[in-house]
Amino acid sequence: MPIPRKFYERDTVIVAKELIGKKIIRVDNKTTFSGIITETEAYRASDDPASHAFNKITKRNHGMFDVVGKSYVYFTYGMYNCLNVVARSKKFEAGAVLIRGVHPIDGVKKMEENRKTDKFSNLTNGPGKLTQAFNITVKDYGIDMTKKSKLYITTGISPRKINSKSRIGITKAIDKKWNFSINPKDYF
DNA sequence: GGGCCGATATTCT
DNA sequence: GAATATCGGCCCG
């Protein structure tokens with residue numbers, strides 16, 4: 001069952017943590033991809049200098065201000081797409097959770113094709129990689145992930161232990177431990 | 001295993 | 001012009 005919109009209507013940091021272990025499902029043409037979410041990061045708004053939504057609303061980041069539970073995809077470093085889910089409590093005007101890593105379940109063969117590698121551990125262990133493997137681009141901006149569609153999230157497993165670290169690849173607000181992850185041995 | 005580098009869209013200064 | 005929510009290829013050991 002897809003996760004209801006209410007789940008995303010809470011503090012972005014809490015949603016980021018609780019998305020760990022959930023299952024993400026992607027239907028692309030005839031192929032179904034799925035995977036367990038293993039790493040996320042929370043990005044908030046005016047209290048978070050590292051967030052795209054820290055300044056003004058722009059053409060790229062307007063999705064972070066949209067209805068919670070929708071997808072927010074952006075193009076970065078001139079080559080890579082990154083996938084986020086819009087999530088925030090009523091207190092904030094914007095917010096999203098960056099999906100940084102997943103553990104592949106279904107469609108592995110097609111992922112290897114998309115990624116041009118047969119190394120299982122290198123398929124979806126990074127934000128730019130998983131969008132390549134799942135064939136997610138800016139065309140998938142604004143999809144409602146609370147309903148069965150081309151892209152949605154369902155219940156998954158219950159992780160034993162969730163790590164909390166500083167976010168990766170940023171220089172601002174590194175004191176905020178808003179990166180969440182699990183190790184393979186803690187999947188069950 | 002780790003460190004540097006180039007690719008290059010969008011935003012900000 | 002510079003920075004960025006990245007990655008793969010290269011080098012080195």
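Proteins get letters first, then strands, A, B, ... in listed order; numbering begins at 1 in each. Here the structure is a predicted model, which means the values were calculated and not measured.
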Pairing residues for A:E112 by the side chain to side chain donor-acceptor pair (under 3.5 Å) criterion, not counting sequence neighbours: none
If you take any heavy atom closer than 4.0 Å to DNA chain C, which residues from residues 90-124 of chain A end up in contact? A:L98, A:R100, A:R115
Name every residue in residues 130-146 of chain A that has at least one heavy atom under 4.0 Å from any atom of DNA chain C, in order of residue number, or write none if there are no such residues. none
Residue pair A:N135, A:N29: steps toward the side-chain contact (heavy atoms from CB on, under 4.5 Å) verdict: CA-CA 10 Å; A:N135 193 24; A:N29 215 354; over 6 Å; no
Non-hydrogen atoms of A:I143 and A:L151 that approach each other most closely: CG2-O, 3.7 Å
By salt bridge (charged side-chain N to carboxylate O under 4.0 Å, His left out), A:K110 pairs with (sequence neighbours left out) A:E113
Note: A:T12 and A:Y43 closest approach over all heavy atoms is CG2-O, 3.7 Å
What pair of heavy atoms forms the shortest contact from A:V73 to A:D140, and how long is it? CG2-O, 3.8 Å
Presence of salt bridge, A:R44 and A:D11, under 4.0 angstrom: yes
Provide the distance between the two C1' atoms, one in C:dG8 and one in B:dT10, to the nearest whole Å. 22 Å
Nucleotide pairing, DNA chain B (Watson-Crick or G-U, distances under 3.5 Å), in dot-bracket with [ ] and |: |||||||.||||.
If I compare all heavy atoms of A:A133 with all of A:L123, which pair ends up nearest, and what's the gap? CB-O, 3.8 Å
Note: A:R167-A:D48 ion pair, threshold 4.0 Å (strictly below): yes
Of residues 45-64 of chain A, the positions that come close to DNA chain C - non-hydrogen atoms, cut-off under 4.0 Å: A:A50, A:H52, A:M64
Which residues pass the salt bridge (charged side-chain N to carboxylate O under 4.0 Å, His left out) test with A:K165, not counting sequence neighbours? none
Look up atom CZ in A:F33 and atom CD1 in A:I136, then write down how far apart they are to the nearest 0.5 Å. 9.0 Å
Run the salt bridge (charged side-chain N to carboxylate O under 4.0 Å, His left out) test against A:D144 and tell me which residues pass, sequence neighbours left out. A:R5, A:K147
Is a side-chain donor or acceptor of A:T131 paired with a backbone partner of A:N81 at a separation under 3.5 angstrom? yes
Among residues at least two apart in sequence or on other chains, which ones pass side chain to side chain donor-acceptor pair (under 3.5 Å) with A:N114? none
Donor-acceptor pair, A:Y72 side chain versus A:A96 backbone, under 3.5 Å? no
Near A:I174 CD1, under 6.0 Å, is it more than 12 heavy atoms from other residues, nucleotides or ligands? no
Applying salt bridge (charged side-chain N to carboxylate O under 4.0 Å, His left out), name anything that partners A:R88, two or more places apart in sequence or on another chain. none
First and last nucleotide of DNA chain C touching chain A, 5' to 3', heavy-atom cut-off 4.0 Å? C:dT4 to C:dG8
Please tabulate, one pair per line, each protein N/O and nucleotide N/O from nucleotides 1-6 of chain B that are separated by under 3.5 Å, including the distance.
none

